[in-house]
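Worth saying up front: this structure is predicted, and the values here are computed from it rather than measured. Keep in mind that the numbers below use all heavy atoms, side chains included, and drop hydrogens, waters and symmetry copies.
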Amino acid sequence: MAAELTAHELIAKHRPTLDQALEAIRTRAYWSPHPEHPKAYGEHGSLDAAAGKAAFDALLGTRLDLGQPGTDDWVGGEVSPYGVELGVTYPHADVDVLLPAMKAGQRAWRDAGAETRAVVCLEILKRISDRTHEFAHAVMHTSGQAFMMAFQAGGPHAQDRGLEAVAYAYVEQVRTPETAEWTKPQGKRDPLALTKQFTPVPRGIGLVIGCNTFPTWNGYPGLFASLATGNAVLVKPHPRAVLPLALTVQVARQVLAEAGFDPNLVALAAERPGEGIAKTLATRPEVRIIDYTGSTSFGDWLEDNARQAQVYTEKAGVNTVVVESTDNYKGMLSNLAFSLSLYSGQMCTTPQNLLVPRDGIRTDEGPKTFDEVTADLARAVDGLLGDDVRANALLGAIVNPDVKARLEAAAGLGEVALASREISNPEFPGAIVRTPVIVKLDGAKPDDEASYMSECFGPVSFAVALDSANDAVELLRRTVRDKGAMTVGAYTTDQDVARAIEEVCLEEAAQLSLNLIGGVYVNQTAAFSDFHGSGGNPAANAALTDGAFVANRFRVVEVRREA
């Protein structure tokens, strides 16, 4: 196929951005090429707010034809958590036709080399970035995120994570030189001389199994890590959140074709209601890499049964905050209130358990008992969400009935420190919007342990009373070791306590945030600097993003010749 975008043009266009990304992952300093503010869009080919909303509206009720081989049906049925029926239909694939077609393009993609693959990926990301406003509405109406969060987390932050994966993939592939001249002295005899050629080769087809809550943010790292290392990628979205990833596949296929590669290197696997094709796809021999975000049960199934594939999972965990003391009580309460409220707690990084000594904590406002801490935190959440307009902008909508059921059941688990209330959304009357619930539990009661030692995904938090700070540290250790944690937070002015918590997190491989009181929250991570998950505890077997996340998506094959 004739290339409209040559490798030379793409390198000239995107190599500076790639180099900046390489420097960012080396220094871990703040950097992003993707603007966070909606008003930054509308120039240089990007859609502004009105054009992005119009583009999204134009998608509703249409058939998204990707031109994939093997299409045997059209499927859809997404209903926005805000009550809007999207009405978009997608190609349903006969995988016996689609998978061989995907493999057919891998040879040319492999031979293109690491740099060309990287800049093609950057062109895909650039075009997605230009449509950030459109993608934001797609994310909002499939995940239930409020618009600004959908715009930032589903747009620039997701694009950053994709670019970060490309940068790590590039680093690992060029670590080994393309060629080497090898000479071994043999004393009086002629030396042995070989010319060696080293080629990164893909494993096979990568399968991305998307999630409902963060389809792009959680989907892009695996998609771009596999594509940049030479693999074809099949994207299997969550059936309630197809549109953002289908648009991503559409853009990727367009760019690949324009760059002279087979567009079937990236394809979509949408499913009929209740079809459950993830298990079938995950065990296909052609699938050699799997990226999954979701429940522990299915993540464990993939790790146990997809034996032919390299499996990367982000599963459930019980995120914990130890509250021992603080020199900024109001700042601590404000920071925790925001962390518990953001996107109705529907983040894999949202704190669930707040471990507080039974006798209370030391603060800059004097001693505070356990009951006072929980009551003050409840007031902080109420104050944050007291205005319904502000509350809707922070909470978004409950993403599915399971979250709503867990929220309603939580009030029966213990003494309620903060009751959840219903909020109406005038713009979207069909949205289910609820404020968080905080339940007080006793760490000394075995019956309570069953509640706080299980993940309760959604706007549910437990304030757990413990006999001492040491007991809190030990419960933290047991929680991370047995249940896993994507995030750990702690508030303490005691250096010995801080060191003990840090040691637990180092030994059990959990990412720790200490004494956050400002505009950074325990449930947020920055691409190029923060690691999302560690891969070292049961919550996830991989980190986003590090060298280990990309290095095993390809192997290096050597060809030796006599010099």
Side-chain angles (χ1 to χ4, degrees), residues 36-39 49 80-84 133 136-137 139-158 212-217 241 319 321 330-352 354 376-400 403-404 406-408 410 417-438 456-461 486-487 489 513 516-526:
E36 287 185 321
H37 199 287
K39 291 183 179 179
S80 167
Y82 290 96
V84 178
H133 274 282
H137 288 284
V139 170
M140 173 183 175
H141 285 289
T142 51
S143 71
Q145 294 175 32
F147 176 77
M148 185 54 73
M149 185 174 185
F151 183 92
Q152 293 184 340
H157 297 172
N212 194 174
T213 49
F214 288 89
T216 55
W217 198 98
N319 300 320
V321 177
K330 284 187 171 62
M332 180 190 80
L333 294 175
S334 176
N335 193 280
L336 284 173
F338 190 93
S339 297
L340 300 183
S341 302
L342 185 62
Y343 184 32
S344 301
Q346 298 169 126
M347 304 172 70
C348 63
T349 50
T350 300
Q352 174 178 302
L354 310 173
D376 289 344
L377 179 58
R379 279 191 287 272
V381 174
D382 264 344
L384 178 68
L385 303 176
D387 176 77
D388 283 2
V389 174
R390 179 181 174 87
N392 275 304
L394 284 175
L395 294 170
I398 298 298
V399 70
N400 62 51
V403 174
K404 181 172 179 284
R406 283 193 292 271
L407 171 63
E408 292 171 346
L418 174 66
S420 176
R421 69 183 179 92
E422 183 175 349
I423 293 177
S424 63
N425 186 321
E427 187 178 0
F428 299 104
I432 297 174
V433 185
R434 299 285 189 277
T435 63
V437 63
I438 301 176
C456 193
F457 185 77
V460 178
S461 293
M486 294 300 293
T487 57
S513 298
L516 297 181
I517 58 172
V520 176
Y521 305 93
V522 67
N523 41 356
Q524 297 173 323
T525 59

Visitor: Measuring only between side-chain heavy atoms, which start at C-beta, is L342 closer than 4.5 Å to M347?
Guide: yes
Visitor: Knowing that exactly one of V437, V433, T435 qualifies, which makes a side chain to side chain contact (heavy atoms under 4.5 Å, CB included) with R421?
Guide: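 So, applying the side chain to side chain contact (heavy atoms under 4.5 Å, CB included) to R421 and each of V437, V433, T435, only T435 qualifies.
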Visitor: Rounded to the nearest 0.5 Å, what separation is found between the CG atom of L407 and the SG atom of C456?
Guide: 8.0 Å
Visitor: What is the minimum heavy-atom distance between G518 and N335, and which atoms define it?
Guide: O-ND2, 3.1 Å
Visitor: Nearest 0.5 Å please: distance from the OH atom of Y82 over to the CD1 atom of I398.
Guide: 10.0 Å
Visitor: With sequence neighbours left out, write down each residue that passes salt bridge (Lys or Arg N to Asp or Glu O under 4.0 Å) with E36, or none if nothing qualifies.
Guide: none
Visitor: Decide yes or no for L377 and S461: does some side-chain heavy atom of the first lie under 4.5 Å from some side-chain heavy atom of the second?
Guide: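 Not touching, per the 4.5 Å side-chain cut-off.
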Visitor: According to side chain to side chain contact (heavy atoms under 4.5 Å, CB included), who are the partners of A150, at least two apart in sequence or on a separate chain?
Guide: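 Once residues adjacent in sequence are excluded, the partners of A150 under the side chain to side chain contact (heavy atoms under 4.5 Å, CB included) criterion are V139, M140, Q145.
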Visitor: Between CG of L336 and CG of L516, what distance do you get to the nearest 0.5 Å?
Guide: 9.0 Å
Visitor: In the structure I gave you, are the side-chain heavy atoms of V403 and V460 within less than 4.5 Å of one another anywhere?
Guide: no
Visitor: Taking the six-membered ring for Trp, is the centroid-to-centroid distance between H141 and F428 below 6.0 Å?
Guide: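 Yes, the ring of H141 comes within the 6.0 Å limit of the ring of F428, centre to centre.
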Visitor: Could you give the distance from CD (Q152) to CH2 (W217), rounded to the nearest 0.5 Å?
Guide: 14.0 Å
Visitor: Where do L395 and S341 come nearest, in terms of heavy atoms and distance?
Guide: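 In terms of heavy atoms, the two residues are closest at CD2-O, 3.3 Å.
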Visitor: Show your reasoning for whether side-chain contact (heavy atoms from CB on, under 4.5 Å) applies to K404 and I432.
Guide: CA-CA 8 Å; K404 181 172 179 284; I432 297 174; 4.0 Å; yes
Visitor: First locate atom SG of C348, then atom CG of N319, and finally report the distance between them rounded to the nearest 0.5 Å.
Guide: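 Result: 7.5 Å between the selected atoms.
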Visitor: State which residues pass side chain to side chain donor-acceptor pair (under 3.5 Å) with N523; sequence neighbours excluded, sorted by chain then number.
Guide: none
Visitor: Under the ring pair (Phe, Tyr, Trp, His ring centres under 6.0 Å) test, which residues partner H137, sequence neighbours left out?
Guide: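 Ring pair (Phe, Tyr, Trp, His ring centres under 6.0 Å) list for H137, sorted by chain: F56, F147.
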Visitor: Do I423 and R434 touch side chain to side chain, with heavy atoms closer than 4.5 Å?
Guide: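 Not in contact.
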Visitor: Kindly say whether T349 contributes a backbone atom to a donor-acceptor pair with the side chain of T487 at under 3.5 angstrom?
Guide: yes
Visitor: Rounded to the nearest 0.5 Å, how far apart are CD of Q346 and OG of S143?
Guide: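 These two atoms lie 8.5 Å from each other.
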Visitor: Strictly distance-based, threshold 3.5 Å: is any side-chain N or O of S334 a donor or acceptor partner for the main-chain N or O of K330?
Guide: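 No: the side chain of S334 does not pair with the backbone of K330.
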Visitor: What is the minimum heavy-atom distance between A397 and A431, and which atoms define it?
Guide: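 The pair with the smallest heavy-atom distance is CB-CB, 4.2 Å.
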Visitor: Checking F214 against M149 for the side-chain contact (heavy atoms from CB on, under 4.5 Å) test, could you report, in this order, the C-alpha distance in whole Å, the side-chain angles of both residues, the deciding distance, and whether it holds?
Guide: CA-CA 10 Å; F214 288 89; M149 185 174 185; 3.6 Å; yes
Visitor: With Y521, which residues qualify under ring pair (Phe, Tyr, Trp, His ring centres under 6.0 Å), at least two apart?
Guide: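 Result, ring pair (Phe, Tyr, Trp, His ring centres under 6.0 Å) vs Y521: F338.
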Visitor: Please give me the minimum heavy-atom distance between S424 and N392, naming the atom from each residue.
Guide: O-ND2, 3.1 Å
Visitor: Going by side chain to side chain donor-acceptor pair (under 3.5 Å), name the residues that satisfy it together with R379, two or more places apart in sequence or in a different chain.
Guide: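 For R379 the side chain to side chain donor-acceptor pair (under 3.5 Å) partners, ignoring immediate neighbours, are D376.
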Visitor: Do S344 and L394 have side chains that approach each other closer than 4.5 Å (heavy atoms only, starting at C-beta)?
Guide: no
Visitor: Restricting to non-hydrogen atoms, name the atom on A153 and the atom on T216 that form the minimum distance, rounded to 0.1 Å.
Guide: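 Minimum heavy-atom contact is O-OG1, 4.3 Å.
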